[in-house]
2 protein chains.
Amino acid sequence: MTPRQNRTRADRGIPEATVARLPVYLRALHSLQDRGVATVSSEELATAAGVNSAKLRKDLSHLGSYGTRGVGYEVEYLVYQISRELGLTQDWVVAIIGVGNLGRALAGYGGFASRGFRVAGLLDADEDIVGQEISGMTVEHIDRLEDVITERSVSIAVIATPAAAAQGVADRVVASGVTSVLNFAPVVLSVPEGVDVRKVDLSIELQILAFHEQRKAGGPGDLDALASKNGAPPPGAAQQYVEALEA
Amino acid sequence: MTPRQNRTRADRGIPEATVARLPVYLRALHSLQDRGVATVSSEELATAAGVNSAKLRKDLSHLGSYGTRGVGYEVEYLVYQISRELGLTQDWVVAIIGVGNLGRALAGYGGFASRGFRVAGLLDADEDIVGQEISGMTVEHIDRLEDVITERSVSIAVIATPAAAAQGVADRVVASGVTSVLNFAPVVLSVPEGVDVRKVDLSIELQILAFHEQRKAGGPGDLDALASKNGAPPPGAAQQYVEALEA
DNA sequence: TGGTGTGAAGTACTTCACAGCC
DNA sequence: GGCTGTGAAGTACTTCACACCA
């Protein structure tokens, strides 16, 4: 009966979907700023961000009333307001755990530093990798994980280890007080209430593309596919084919 | 008046949100398979996939009626059905454009091959990188892009170039007939109707984490923050502060 | 006049709760 | 008895359309 509260405590008012778009708006605004644009309408900004203008205005309205009717939004002011809302007016200390190909790419990724994210630690379990210099930082041994987190006040952990190691690392960073995790390992991490995990999974993105690609092809050119609601009946799919029709 | 159709043509029946979760279920199922589990309940599978069981059952019900009441789902059969639905029973040919740190990581990513994605080309504009051998493949010059796409029947393009190059590459792959793009460059690509673009953006994910992290900290320790719906009122925010209260 | 801000309407997704079947 | 499959109810998000105001 009682509607359950599924927003985290302090989210008062800003829908998750909006939060996910604010960084996109911010990027578009920065790019306008670079081009010396001082004022922008919701229509223009929406186009630059790849959304429609009504959505943009509704999103911005959750932050406050920062536009001018008949005119638009002042770029610089809006940049500031969104940055503040996202917490980018302060620096966030990040540690990257797992320095394989992906970890290396992340360590060198310019988009971090430029948005107030400071990589303060690279850690790996592989003795051959420990000690290597990557993007101006020395890779440390995973044994130092807890020390690095506490000493350097790391608040976001980026997990780029192999799948098998990820949960163990997650447990350790959480035990050390980290409550935000960006996970690149292809596993579902289980963490206590109050810890945020965001997941980036390359293979999942490709699979979603494959789904749509298959549909675009009109289902993979099999006659059976026309009757079934499934895309590509494999050889010998007769049985489940019948079941599909019953549904 | 007329409700507009915003699903792509052939999506008949499967919600986008469901499609996005099918790869997660598939991964959980594979892991069960590896452990020799033959049958699984919606409750167990849901836990392994990090969702609740009602959602899982609803999702699966869009594919067909593949479970047995009182028993659960046969793992192998379900793996097959989901794979088929996602189009993973066929191979997808992928080209990676941009072989910097990230492109390299992608080229070596095991999760591609194991899910029916075959990387058939690595391309870059940098003469120093062209000719290098990466994960058993030779990097080719970007000039060969169109040839590679047509000759090898590439159907998915992965763009891992710097932001400035991404739109140009997108235009070229689309002109060569590619209709599915996975974009790692931090820009909004504009593509014709019918082309699917999925975007992975590391910096956006971090910014979303930062937002929640800030909220967890109770807003950035400013007294005004308690009354305002914004996290950290800047100096001189009194005006919009009032407006916020009216909302 | 032109463009924001927002109630209201529409759509998509999630969760509940239980009938139905093994 | 236990677990799936699914209408119905609830929630979240999007889009419309226009009042309001610089």
Side-chain angles (χ1 to χ4, degrees), chain A residues 1-8 11-22 24-25 37-47 49-75 77-78 81 229 240 243-244 246-247, chain B residues 1-8 11-22 24-25 38-47 49-75 77-78 81 229 239-240 242-247:
Chain A
M1 295 291 134
T2 322
R4 195 146 42 82
Q5 201 66 10
N6 72 354
R7 280 191 200 287
T8 29
D11 278 7
R12 288 262 284 89
I14 305 201
E16 192 54 38
T18 295
V19 172
R21 282 186 296 265
L22 291 179
V24 181
Y25 302 154
V37 177
T39 295
V40 69
S41 71
S42 65
E43 194 63 46
E44 294 163 328
L45 183 53
T47 303
V51 303
N52 78 38
S53 63
K55 193 188 276 181
L56 178 106
R57 288 199 302 279
K58 182 72 97 180
D59 281 343
L60 294 184
S61 77
H62 289 116
L63 313 192
S65 205
Y66 297 145
T68 309
R69 287 165 201 244
V71 178
Y73 302 88
E74 204 215 311
V75 172
Y77 186 53
L78 199 50
Q81 292 299 344
K229 64 171 163 182
Q240 60 266 28
E243 294 173 67
E246 288 166 353
Chain B
M1 296 290 136
T2 323
R4 195 147 41 84
Q5 202 68 9
N6 72 353
R7 280 191 200 288
T8 28
D11 277 7
R12 287 263 283 89
I14 305 203
E16 192 54 37
T18 295
V19 172
R21 281 186 297 265
L22 290 178
V24 180
Y25 302 155
T39 295
V40 68
S41 71
S42 65
E43 193 62 47
E44 293 163 329
L45 182 53
T47 303
V51 302
N52 78 39
S53 62
K55 193 188 278 181
L56 178 108
R57 288 199 302 278
K58 183 72 98 182
D59 282 342
L60 295 184
S61 78
H62 289 114
L63 312 193
S65 204
Y66 297 146
T68 309
R69 288 164 200 244
V71 179
Y73 302 88
E74 204 215 312
V75 173
Y77 185 53
L78 198 50
Q81 291 299 345
K229 65 174 166 182
Q239 185 117 16
Q240 61 265 29
V242 171
E243 293 173 68
L245 289 177
E246 286 166 356

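Checked against side chain to side chain donor-acceptor pair (under 3.5 Å), B/Glu74 has no partners two or more places apart in sequence or in another chain. Residues satisfying the side chain to side chain contact (heavy atoms under 4.5 Å, CB included) test with A/Lys58, not counting sequence neighbours, are A/Ser61, A/His62. Under the side chain to side chain contact (heavy atoms under 4.5 Å, CB included) criterion, A/Thr68 pairs with A/Val71, sequence neighbours left out. The side chain to side chain donor-acceptor pair (under 3.5 Å) check on A/Thr47 picks up nothing, with sequence neighbours excluded. Scored by the salt bridge (charged side-chain N to carboxylate O under 4.0 Å, His left out) test, A/Arg57 finds no partners at all (sequence neighbours excluded).
What separates NZ of A/Lys58 from C1' of D/dC16 is a distance of 10 Å, to the nearest Å. Spacing between atom CG of A/Asp59 and atom C1' of C/dG5 amounts to 13 Å, rounded to whole angstrom units. The CG atom of A/Leu56 sits 13 Å away from the C1' atom of D/dT14 (whole-angstrom rounding).
Note on A/Ser65: a side-chain N or O is less than 4.0 Å away from OP1 or OP2 of C/dG5. B/Tyr73 has a side-chain polar atom (N or O) that falls below the 4.0 Å cut-off from OP1 or OP2 of D/dG5. Considering only side-chain N and O atoms, B/Ser41 lies nowhere under 4.0 angstrom from the phosphate OP1 or OP2 of D/dC3.
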Below 3.5 Å between N/O atoms, which protein atoms pair up with nucleotides 18-22 of chain D? Just atom names and distances, please.
unit_1 : atom_1 : unit_2  : atom_2 : d
D/dC20 : O2     : A/Arg69 : NH1    : 3.0

